[in-house]
2 protein chains.
Amino acid sequence: MSETTFIATLRALAAHPGARGLMDDAAVLDIGGAAIVLTHDTIVEGVHFLPDDPPEDVAWKLVAVNLSDLAAKGAKPLGVLAGYCLTGDDGWDAAFVRGLRDVLGHYETPLLGGDTVSLPQGAPRVLGLTAIGRADGGAPSRTDARAGDALWVTGTIGDAGYGLALLQTGETTPKAPISAYRRPRPLLLEGSALAPHVHAMMDVSDGLLIDAARMAEASGLALEIDLDAAPLSPDVLAQPLDGRALRLSAATAGDDYQLLFAAAPDMTLPVAATRVGTFAEGAGLTLFDRDGPVPLPEKLGYLHG
Amino acid sequence: MSETTFIATLRALAAHPGARGLMDDAAVLDIGGAAIVLTHDTIVEGVHFLPDDPPEDVAWKLVAVNLSDLAAKGAKPLGVLAGYCLTGDDGWDAAFVRGLRDVLGHYETPLLGGDTVSLPQGAPRVLGLTAIGRADGGAPSRTDARAGDALWVTGTIGDAGYGLALLQTGETTPKAPISAYRRPRPLLLEGSALAPHVHAMMDVSDGLLIDAARMAEASGLALEIDLDAAPLSPDVLAQPLDGRALRLSAATAGDDYQLLFAAAPDMTLPVAATRVGTFAEGAGLTLFDRDGPVPLPEKLGYLHG
């Protein structure tokens, strides 16, 4: 069963409005008038991180990907609960705690609780984290983009995917893409600043194209993306690929954790972002660049299962 | 590194009062005057459930153990987030969703969100769940028992442990202990009724003796337990063991999910419970029965790692 099929079977259990039909990055509960945002992400050794990734970085990433979901709802973190697996490697466990201390300290987020269990020797590590936050700016969904809205993305895309490719071939430079892969930065301040002004927002976790297509589908709209507009870092641009292939590679790579949002095209943005597309009545994603229409790649991004 | 050592290293990251020093069953946040209770438990195939346990029962147990933590804080569930691992066995996944539907429906608890990931073939399943609830009766901690308080436990103990032992030797009867192991009942109504009246409360997850000792230690008190008072079901009593060994076996078995609480000895209980001990100034757990002092068993309950 694929992740998509499985989630479809779960949807029947998620009729509560706070579940947002399991279509959003996070659940949002109204508690005494406060919008409380809840998200849970699991990362698996060999799937979401490499067995020889430094444990400090694994801890960083586990927290960062969850805080990124809070950022996408404009929420400030109230705390996290960690589901940790001991595997008998004391050095790894101690280094993981150091990384957890770094990232929680950096984002001023308390550890509230969780659970620690033992895994059988040799089993891949499975690490879960739940983050809870409070959104005072409206907790934008991914479902409310409007026809005529522009699609914007913060920062640059494809860095983490390039970093992963470097690590997989044993390279250790350039440093910036590797750091983007191992220590993603949840855009909490940007998300809070954007939330009151956008119609829809999510984070880019599986790739710009697939996540943009998800926002369009969830909003019941068509979306056209200008591939040439995709913001790329100097390191990503320096790869030996021709322009279109390079842009498609960056736009389908996972782990960016940039913010992707729909807003009126003439909005004055409170943070720096790049306009990459336009929503319209209809359905489906289309791509173009300076040379004309771009056929959709077979994989729009990273898909589990 | 043992679970206990690991949690000690985490404690430095959990200075927030809502974390309750990682000593309690759950975290408690004050959100707009409401006590919001958060708990996360992970269960591992081969550790917390058997590879041939019916997937419906595994789903039930995953939810039930988390709702039991809410019950222990007197909280009503607002919803859960599930961290699920696909392993390529579609029948198992579909049956798990059926079990999830059963237990969430039974306890009127919505699925709010979560994450679905793929595990490498052959890896043991690791299933996480976060439950969020609201405690309007004070969210009793496990740290506030008072000298002179009685220790009470709901229901009977040792049933699930006996059920596990039966399954491990291939037995399928008696049914009640097996059901206690596979489909524990979180005592949500009892927890809500008790919360305003007790000084300290927790659920019995690792065994009566170890959990009672934890409450005494967390409260800075000594605790004396009358082993003969331990409430046992007819099935557990019918085991071919002499009285003291049988009671020690039941009092050190895990997975009971009864509520354990400290309250004034003359309190009129709102729910049925059995008095099993008394708190006093000092430290340490002591046991006695009709034949005199009982030496503490080497293992007071189930310990991970």
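Computed from a predicted structure; not experimentally measured. Naming convention: chains lettered A, B, ... in sequence-line order (proteins, then strands); numbering from 1 in each chain. Just the heavy atoms: all of them, side chains too, but no hydrogens, waters or symmetry mates, feed the values below.
Below 30°, between 30° and 60°, or above 60°: for A/F6 and B/Y84 the angle between ring planes is below 30°, a parallel geometry.
Counted within 6.0 Å of CD on B/Q168, heavy atoms from surrounding residues, nucleotides or ligands total more than 12; the atom is thus considered enclosed.
For chain B, the nearby parts of A/L13 are the backbone and the side chain; heavy atoms of each come within less than 4.5 Å. Within the 4.5 angstrom heavy-atom criterion, only backbone atoms of A/T39 (N, CA, C, O) approach chain B. Only the side chain of B/V44 comes within less than 4.5 Å of a heavy atom in chain A; its backbone stays farther off. With a 4.5 angstrom heavy-atom cutoff, B/I36 touches chain A only via side-chain atoms. Neither the backbone nor the side chain of A/I43 comes within less than 4.5 Å of any heavy atom in chain B. Both the backbone and the side chain of A/L38 come within contact range of chain B, each with at least one heavy atom under 4.5 Å from a heavy atom of that chain.
With a 4.5 Å cut-off on side-chain heavy atoms, A/K76 and A/L188 do not count as touching. A heavy-atom distance below 4.5 Å is not found between the side chains of B/Y257 and B/P186.
Separating the CG atom in B/L164 from the OH atom in B/Y302 is a distance of 9.0 Å, to the nearest 0.5 Å.
When each of A/G32, A/A94, A/P110 is scored by its heavy-atom pairs under 4.5 Å with chain B, the top score falls to A/P110. Heavy-atom pairs under 4.5 Å with chain A peak, among B/T109, B/L22, B/V97, at B/V97. Counting heavy-atom pairs under 4.5 Å between each of B/L104, B/T9, B/T87 and chain A puts B/T9 at the top. Chain B forms the most heavy-atom pairs under 4.5 Å with one residue out of A/V28, A/L10, A/D24, and that residue is A/L10.
Looking at A/N66, its side chain does come within 3.5 Å of a backbone N or O of A/D41 through a donor-acceptor pair.
Both tests pass for B/K61 against the ring of B/Y181: distance under 6.0 Å to the centre and angle within 45° of the axis.
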